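By convention in this document, chain letters (A, B, ...) are assigned in the order of the sequence lines, proteins followed by strands, and residues within each chain are numbered from 1. This one's a predicted model, so the numbers in the text were calculated from it and none came from an experiment.
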Amino acid sequence: MLKDWKLHIIVLFFVLIGEAIGVKQFNLGVGTVALFPMLYVLIMGGIVSFPKLKLMNETQMKRAAGILGISFLLFVAKLGSMLGPSLPKIFDAGVSLAVQEVGHVLGTIIIGLPIALLIGMKREAIGATFSIDREPNLAIISEKYGADSPEGRGALGVYICGTVFGAIYLAILAGFLGSLGIFHPISLAMGAGVGSGSMMAAASGALAVTFPNDAEDIALFAAAANLISTILGTYLCVFFSLPVTARLYEWLEPKIGRLRKEAAK
Amino acid sequence: MIEKTKVLALIGIIAILGNWVGYGVSPIKALPGIILIVLFTIIGLVLNKYLPKMPAVVWISLIALIATTPIFPGNEWIVAKTADINFMALATPILAYAGLSLGKDIESFKKLGWRIVVISLVVYTGTFLFATLFAEIVFKIQGRF
């Protein structure tokens with residue numbers, strides 16, 4: 001991984017350009033969109049790795065993905081070093097931290113499953129909406145239904161979308177929701193701890209840009225929420241999310257299916 | 001493990017250079033902080049190797065957390081040094097590697113139907129929005145803000 005100097009030099013170059021450009025905010029009237037170095041380097045990387053340009057080969061891209069996993073650990077260590085001195089603050093928000101995790105778990109199912117059925121998905125909907133479909137969730141669904149089942153394909157589809165635009169989308173969503181002024185920055189920070197590395201980094205970054213005075217607290221609570229998602233996520237997924245989504249599907253599918261047929265007439 | 005350590009050190013170097021350009025902290029001033037962060041990561045990885053059952057992320061968080069709590073000797077110095085590294089500066093290289101790995105998924109992405117793309121947006125919105133909403137409701141009930 002280390003030997004691929006081309007890869008690291010590109011990253012260094014992007015990071016320096018990205019940091020030099022710095023933060024830019026665009027006012028859309030209803031709210032603002034926050035642009036910041038993380039997004040620039042992500043987009044620059046996406047362009048360079050675009051297959052048609054042939055600037056990078058498959059092996060290099062796989063290596064980049066491998067390094068992504070390791071580099072995220074440094075970010076985790078940094079966030080951990082912010083947690084230590086702030087433990088009283090975190091315990092103080094303990095109830096919110098516990099309850100927000102319920103929101104992370106239910107949030108994908110509550111709106112995801114009905115909309116999936118309304119637009120005509122079948123059993124793919126179970127895999128697509130039972131979680132945010134990152135690596136551990138993919139393992140769970142392939143164990144239960146098989147990777148090539150409709151459920152497995154639904155999960156893999158959301159996984160691929162998440163990899164391709166999850167971080168950018170969450171950054172824009174977090175920055176926009178933040179600028180509306182409905183939610184407190186700390187609640188939004190907890191929301192940002194979705195349990196996926198790059199998505200959490202990008203979403204909390206967008207919030208830190210939107211609320212510069214609360215940047216430290218945002219990192220702190222996003223990290224705490226993300227840690228809870230990581231620790232509990234897999235268990236909740238196996239024992240709660242997946243069985244509940246499957247049950248809800250059996251119950252909702254005939255009803256929404258009938259609605260769709262009537263609408264078609 | 002040695003390979004991973006080298007990769008961590010390399011990303012550390014990229015991060016302190018970004019930290020310099022973006023946040024005006026000289027790499028020399030940032031050096032102790034990044035060494036500590038790399039060290040926490042390595043200890044966490046070693047623990048994860050010999051005492052599994054928990055993801056590496058949890059071990060690493062735990063080590064960094066303990067080292068910065070008031071019970072740990074020298075915690076004030078550790079807190080001050082790690083604070084020299086801006087968390088955003090550390091996240092920028094991660095997203096750069098993420099960007100450079102995107103190309104490998106473009107072909108599979110093209111094969112996906114529009115429904116799954118729409119649903120993935122709904123799923124991410126749902127998890128973010130509901131967690132935010134639930135946290136906000138609890139804070140409101142408690143009268144925090």
*asked:* Between B:Glu136 and B:Lys140, does any NZ, NE, NH1 or NH2 come within less than 4.0 Å of an OD or OE carboxylate oxygen?
replied: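 Looking at B:Glu136 together with B:Lys140, the answer is yes, because their closest N to O distance falls below 4.0 Å.
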*asked:* Tell me whether B:Lys6 is salt-bridged to B:Glu3, with the criterion being a basic N under 4.0 Å from an acidic carboxylate O.
replied: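 So B:Lys6 does not pair with B:Glu3 through a salt bridge.
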Side chain, backbone, both or neither of [X] within contact of chain B (heavy atoms, under 4.5 Å):
X	result
A:Asp92	both
A:Val102	both
A:Val95	both
A:Leu16	both
A:Phe165	side chain
A:Ile111	both
A:Ile109	neither
A:Ala116	both
A:Leu74	both
A:Tyr40	neither

*Please work out whether the ring planes of A:Phe75 and A:Phe72 are parallel, tilted or perpendicular, with thresholds of 30° and 60°.*
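Judged by the thresholds at 30° and 60°, the geometry between A:Phe75 and A:Phe72 is tilted.
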*Could you label the plane-to-plane angle of the A:His8 and B:Tyr97 rings as parallel, tilted or perpendicular, counting under 30° as parallel and over 60° as perpendicular?*
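Geometry flag for B:Tyr97 against A:His8: perpendicular rings.
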Contacting moiety of [X], where chain A heavy atoms sit under 4.5 Å:
X	answer
B:Ala91	both
B:Ile37	both
B:Ile94	both
B:Pro55	side chain
B:Ile34	neither
B:Trp20	neither

*If you measure from CZ on B:Phe87 to OH on B:Tyr23, what distance do you get to the nearest 0.5 Å?*
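Separation between the atoms: 7.5 Å.
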*asked:* How long is the straight-line distance from CD of A:Glu124 back to CG of A:Leu156, given to the nearest 0.5 Å?
replied: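 It comes to 12.0 Å.
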*Counting heavy atoms not belonging to A:Leu180, are there more than 12 under 6.0 Å from its CG?*
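More than 12 within 6.0 Å, yes.
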_Would you say A:Arg134 and A:Ser229 are linked by a side-chain donor-acceptor pair, where the criterion is simply a distance under 3.5 Å?_
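A:Ser229 vs A:Arg134: no donor-acceptor pair found between side chains.
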Between [options], which has the largest tally of heavy atom pairs under 4.5 Å with chain A?
options	result
B:Leu100, B:Thr69, B:Leu8, B:Leu102	B:Leu100
B:Val138, B:Leu10, B:Leu112, B:Leu95	B:Leu95
B:Ile137, B:Ile66, B:Val117	B:Val117

*Proximal to chain A - members of residues 71-79 of chain B, heavy-atom separation under 4.5 Å*: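 Expected list: B:Val79.
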*Looking at A:Val194, A:Ile132, A:Leu39, which one has more heavy-atom pairs under 4.5 Å with chain B than the rest?*
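Among the listed options, the one with the most contacts to chain B is A:Ile132.
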_Please evaluate residues B:Thr125 and A:Leu173 with respect to the criterion side-chain contact (heavy atoms from CB on, under 4.5 Å), reporting the C-alpha separation (whole Å), side-chain torsions for both, the decisive distance (0.1 Å), and the verdict._
CA-CA 8 Å; B:Thr125 310; A:Leu173 179 71; 4.2 Å; yes
*Any donor and acceptor pair, going by atom type alone, linking the side chain of B:Thr127 with main-chain N or O of A:His104 inside 3.5 Å?*
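The answer is yes, because a donor-acceptor pair under 3.5 Å joins these two groups.
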*Is B:Lys4 reaching over with its side chain to a backbone N or O of A:Ile70, donor-acceptor style, under 3.5 angstrom?*
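Side chain of B:Lys4 to backbone of A:Ile70, a donor-acceptor pair under 3.5 Å: no, none is there.
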*asked:* I need the minimum non-hydrogen distance between A:Glu19 and B:Ala89, along with the two atoms involved.
replied: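 Here A:Glu19 and B:Ala89 meet closest at OE2-CA, 3.8 Å.
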*asked:* Between A:Phe36 and B:Thr92, is the side-chain contact (heavy atoms from CB on, under 4.5 Å) condition met? List the steps.
replied: CA-CA 9 Å; A:Phe36 50 105; B:Thr92 310; over 6 Å; no
*A:Met56 and A:Leu7: side-chain contact (heavy atoms from CB on, under 4.5 Å), yes or no, with the steps?*
CA-CA 9 Å; A:Met56 285 180 70; A:Leu7 195 62; 3.5 Å; yes
